[in-house]
Amino acid sequence: MSFSLKQKGNQTFADGNFQEAANIYQEALQLDPQNPVLYSNRAMCYVKLNNWHQVLADTTAGLELGVNDTKTQVKLLWRKGLALSKLGNVSEALESFNKALELDPNNATVKSELDRLVLNKRRKHLQSENGSLLSLTIENYDVLPSEFTSNHIQEADTYQEKPASSSELFEGSSFNPPAFPSVYFLSRLKFLPASQKPPAYHYVFSFSPETYSSLFKEGGLDSNFLDFFIEAVINNQIQNPDNVLQCLKVFSTCKRFSIYLSFTEANNITLMFEKLSNLSDKQLFTTTRNIWGLP
């Protein structure tokens, strides 16, 4: 009986009668309350009706049932992400979209929503920064305020919070890296002088996937390092391609990978995998390539 109601709801939805379709799915849920597909379908009705609180409620309920079907789980996560973004919960929306892409890395719809959300977030951040700059007030003083007297300035001069610049990290004509790098050090490799990059390419390939997993476990992947690693694969002779692919797989499991991937030059990713295509284990190559969103 619930199946026939589901079919009826699908047809009603296709006819554009979204509220009526939601009511039919509600009838079906009363007969089959453990069916996540019905929650997913009703959530889609509420998407069309812009009822985002109800979308969130239905998708959450569907996911809590423990979905075994990947296709349905991706739909629920995508629709939950939509609701969260519309309700202003950007961080949880990003998490939901990323979970969906972990299950289906090539899903163009989810990728598009993730890109849109990230771009909107960056735009709002820039607007906020501009607003902060515009809100500064300028006051005139006949006497220099006490907080700017010599004593205070001297104290400020003795305190250095700013980390070393790239030029300070890479002084001289040779590349002398630490035996075990920090995330900050790796993030600055992208800005090395061209003459120092070849040994730096070898340097980043010298670490195991487990090392990178440990480095990026807490804080997530660094976008500058990801760009540099891709550059290293493209421009360097690969001695151990399977190790490189295992590292790429590790990067895909790190926090923020999907976000950074959406901003990475697509042509560079293609060139990187073309470089690895004839050098590595075919099954490992295909699996990693798919994870990175290439057909």
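Quick caveat: nothing in here was measured; it's all calculated off a predicted structure.
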Should we count [atom1] of [X] as having more than 12 external heavy atoms under 6.0 Å?
{"X": "Lys8", "atom1": "NZ", "result": "no"}
{"X": "Asn68", "atom1": "CG", "result": "no"}
{"X": "Lys86", "atom1": "NZ", "result": "no"}

Are the side chains of [X] and [Y] in touch, meaning some heavy atoms are under 4.5 Å apart?
{"X": "Met44", "Y": "Lys75", "answer": "no"}
{"X": "Pro181", "Y": "Tyr203", "answer": "yes"}
{"X": "Leu77", "Y": "Gln73", "answer": "yes"}
{"X": "Leu248", "Y": "Met272", "answer": "yes"}
{"X": "Leu284", "Y": "Gln246", "answer": "yes"}
{"X": "Val250", "Y": "Phe216", "answer": "no"}
{"X": "Pro177", "Y": "Phe185", "answer": "yes"}
{"X": "Phe205", "Y": "Gln237", "answer": "no"}

Please find the pair of heavy atoms, one from [X] and one from [Y], that lie closest to each other, and give the distance.
{"X": "Leu38", "Y": "Asp32", "result": "CD1-O, 3.8 Å"}
{"X": "Val74", "Y": "Ala100", "result": "CG2-O, 3.9 Å"}
{"X": "Val55", "Y": "Ala43", "result": "CG2-O, 3.5 Å"}
{"X": "Lys275", "Y": "Ile234", "result": "NZ-O, 3.2 Å"}
{"X": "Leu84", "Y": "Ser96", "result": "CD1-CB, 4.5 Å"}
{"X": "Gly62", "Y": "Pro36", "result": "O-CB, 3.8 Å"}

* **Test side chain to side chain contact (heavy atoms under 4.5 Å, CB included) applied to Thr288 and Phe251, step by step** => CA-CA 10 Å; Thr288 310; Phe251 298 157; over 6 Å; no
* Treating Ile, Leu, Val, Met, Phe, Trp and Tyr as nodes and any side-chain heavy-atom pair under 4.5 angstrom as an edge, say whether Val37 and Leu56 lie in one connected cluster. => no
* Dump the intermediate steps for side chain to side chain contact (heavy atoms under 4.5 Å, CB included) on Leu114 and Leu101, then the final yes or no. => CA-CA 10 Å; Leu114 180 61; Leu101 285 174; 3.6 Å; yes
* Asked: Restricting to pairs with a member in residues 52-67, which pass side-chain hydrogen bond (donor to acceptor under 3.5 Å, both in side chains), not counting sequence neighbours?
  ->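 Pairs touching residues 52-67 that pass the test: Arg42-Asp58, Gln54-Asp58.
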For residues [X] and [Y], establish whether the separation of their ring centroids is below 6.0 Å.
{"X": "Phe18", "Y": "Tyr46", "value": "no"}
{"X": "Tyr25", "Y": "Phe13", "value": "no"}
{"X": "Tyr212", "Y": "Phe225", "value": "yes"}

* **Test item: Ser112 side-chain N/O and Thr109 main-chain N/O as donor-acceptor pair under 3.5 Å** => no
* Asked: Passes side-chain hydrogen bond (donor to acceptor under 3.5 Å, both in side chains), Ser214 versus Thr211? Steps please.
  -> CA-CA 5 Å; Ser214 175; Thr211 298; over 6 Å; no
* Please test Asn243 against Asn240 for side-chain hydrogen bond (donor to acceptor under 3.5 Å, both in side chains), starting from the C-alpha separation and ending with a verdict. => CA-CA 6 Å; Asn243 184 71; Asn240 190 346; 4.8 Å; no
* Might you work through the side-chain hydrogen bond (donor to acceptor under 3.5 Å, both in side chains) test for Glu27 and Asn23, ending with a clear yes or no? => CA-CA 6 Å; Glu27 292 180 42; Asn23 295 338; over 6 Å; no
* Output all residues satisfying side chain to side chain donor-acceptor pair (under 3.5 Å) with Ser40, sequence neighbours left out; order by chain, then residue number. => Arg79
* Going by the angle between their ring planes, with limits at 30° and 60°, are Tyr201 and Phe228 parallel, tilted or perpendicular? -> tilted
* Go through the steps to decide whether Lys6 and Ile24 satisfy the test side chain to side chain contact (heavy atoms under 4.5 Å, CB included), and finish with yes or no. => CA-CA 7 Å; Lys6 173 177 169 290; Ile24 294 171; over 6 Å; no
* To do: Please test Asn17 against Thr12 for side-chain hydrogen bond (donor to acceptor under 3.5 Å, both in side chains), starting from the C-alpha separation and ending with a verdict.
  => CA-CA 6 Å; Asn17 300 318; Thr12 304; 5.9 Å; no
